[in-house]
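Below is one structure, written out as structure tokens; comments come after it.
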There are 2 protein chains.
Amino acid sequence: MTNSEPAPLRPFLARLLRHSALDEVEQAAIMKLPGIVAEVGTHRDIVRLGDKVKHACLVLSGIVGRFSQDRVGRRQMAAIHLRGDMADLHSVVVPQATSTLQALSAATILHVPHGEIVTLARTYPAIADAFWRDCVVDAAIMAEWLTSMSLRSANSRTAHLFLEVAWRLGIAAGERPVSYDFPITQERLGELLGLTGVHVNRTLKALRTHEVLDFHHGKVSIIDWEKAAQLADFDPAYLEAASHRLPAGRSRRG
Amino acid sequence: MTNSEPAPLRPFLARLLRHSALDEVEQAAIMKLPGIVAEVGTHRDIVRLGDKVKHACLVLSGIVGRFSQDRVGRRQMAAIHLRGDMADLHSVVVPQATSTLQALSAATILHVPHGEIVTLARTYPAIADAFWRDCVVDAAIMAEWLTSMSLRSANSRTAHLFLEVAWRLGIAAGERPVSYDFPITQERLGELLGLTGVHVNRTLKALRTHEVLDFHHGKVSIIDWEKAAQLADFDPAYLEAASHRLPAGRSRRG
DNA sequence: CGGGGTCTTGAGGTGTTTCAACGTCGGTGG
DNA sequence: CCACCGACGTTGAAACACCTCAAGACCCCG
């Protein structure tokens, strides 16, 4: 079965186009990428640490996390992938997984063969650049997380995560109040934020009390974007630096 | 001036060859990369946040750090680059810097024009892959740092850093005691580790007392590699996953 | 011989963890 | 239809790792 959905690659192409200029031929080539669709249940591993994979995983729906684990079993997520993200595009050049990929909610995955991706990159240099750039953008996000971990408090860090996800989902700016589905437990939020489940709970309560944002029943509502952005010291520059259509001088939000 | 040193690109090529197979023609092409050599003093910025750069920075000597900063001025390093590392190879595809690059010690930098790098990548697909792979390896290191920040204690984290650097310098395994130059202040070590300078001091004292390792006058000595590796939960798999000459089934150290 | 940067040590404060108990909700079987 | 159960959420109290502030020692360089 190659592509049961109508146009599963559309969101992936959209993501690429956010940072890379591709002409119509190149876009058409991306849209023709074949793959196998798989439904993955919550908390199911998609790729395990050390696996040698032959496919990259495109997230069609749901939330996918990449994490590592220590001896005791405590986990820390290094990345989160949403609809349209190729969660392990990097596996094309490093097939042996250095971390585990897991579905944080029920998810739909399109497994795209490395061979097809390589062929595309070889044929169209602009696509090769786009893939490379995609990995670099993910790295920039991870660098921001690293900063977050050490420099921001639990409250600030939590707000920052929710703002980042809102931004990446494309539902930021302008229209308020912003809200979106984020079906994940507090325990797992803790693994994203480097906090215990218990403290995540206290943190969410504080953010709700101060009318910054609200997280309930797998739904995030950003009550006051300005207040949240200030608390989180959120500057989307790291998400937008690769934007090729960016109108030049733009950084701190107004 | 193009290349005053005898063979400044040799260590960079060596780094690429650790993870990518390149034939003689490709290797020769890398060695011919032109660039401008610059001496950079301690604590001098090489690239500033937001800069649009046209060159990538190859570290010929010294230590270079990539960091971000919050409003208060506290800093967190997201990466460290040693001799042979192209510190911002990613700038080829994302020229606008999302973090600052600074010399942590006196350093020598070779500025390589993006144009030359792109030409090479376009001409030799294997080189394009190698560059992409290089960025992915750096990302894997950053992911490990992220894990370190949240899962490991100050002692463990510090040991982990010194082991990683030893490994990356290629002076690991077998011969003990291992020692190498690492000319950096405790304050700046704190920015690498996400600790205050004061606590770095206490941490180093503890590690010295327990005869794990020693850091004095810009020199690291790993007194007991096994003990250090155990304390740090250090597994070099994340550094070796991309190794194309790896003898297959290898992960946890014995 | 003074001075600035770095290292060292102490005492007290704070954010987060740990442990533990209890509440709530949705599902499942009697 | 109610009793039960497990997963998840909520709250409290105490412990702990690390931070902050502060003072003094060391040491190289001018």
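Please read all numbers here as calculations on a predicted model, not as lab measurements. So you know, we letter chains A, B, ... as the sequences are listed, proteins then strands, and number each from 1.
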Whole Å only: how far is the [atom1] atom of [X] from the [atom2] atom of [N]?
X: B:Gln186; N: C:dT9; atom1: CD; atom2: P; answer: 10 Å
X: A:Glu187; N: D:dA7; atom1: CD; atom2: P; answer: 12 Å
X: B:Leu151; N: C:dT18; atom1: CG; atom2: P; answer: 10 Å
X: A:Phe215; N: D:dC8; atom1: CZ; atom2: C1'; answer: 11 Å
X: A:Glu191; N: D:dC8; atom1: CD; atom2: C1'; answer: 14 Å
X: A:Arg208; N: D:dG9; atom1: CZ; atom2: C1'; answer: 10 Å

Check your understanding: B:Gln76: what forms a side chain to side chain donor-acceptor pair (under 3.5 Å) with it, not counting sequence neighbours?
Key ->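 Listed in chain order: A:Ser150.
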Check your understanding: What does nucleotides 11-30 of chain D look like as a protein-contact string, B for base, S for sugar-phosphate only, - for none, at under 4.0 angstrom between heavy atoms?
Key -> BBB----BSBB---------
**Study point:** side chain to side chain donor-acceptor pair (under 3.5 Å) partners of residues 209-218 of chain A, not counting sequence neighbours, each pair once
**Key:**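 Counting only pairs at least two positions apart or across chains, the side chain to side chain donor-acceptor pair (under 3.5 Å) contacts touching residues 209-218 of chain A are A:Arg208-A:Asp214.
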Point to revise | Pairs touching residues 178-188 of chain A that satisfy side chain to side chain donor-acceptor pair (under 3.5 Å), sequence neighbours left out | key: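 Counting only pairs at least two positions apart or across chains, the side chain to side chain donor-acceptor pair (under 3.5 Å) contacts touching residues 178-188 of chain A are A:His43-A:Arg188, A:Gln186-A:Asn201, A:Arg188-A:Glu191.
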Check your understanding: salt bridge (Lys or Arg N to Asp or Glu O under 4.0 Å) with B:Arg157: which residues, sequence neighbours excluded?
Key ->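 Expected list: none.
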Point to revise | Short N-O contact, B:Arg66 and B:Asp88, less than 4.0 angstrom | key: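 No, no charged N to carboxylate O under 4.0 Å.
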For [X], all residues meeting side chain to side chain contact (heavy atoms under 4.5 Å, CB included), sequence neighbours excluded:
X: A:Ala97; result: A:Val47
X: A:Val94; result: B:Arg133, B:Val136, B:Ala241, B:Ala242
X: B:Ser153; result: B:Asn155, B:Ser156

**Study point:** Five-pair end axes of the helix from C:dC1-D:dG30 to C:dG30-D:dC1 and the angle they enclose, rounded to 10°
**Key:**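 Roughly 30°, once rounded to the nearest ten degrees.
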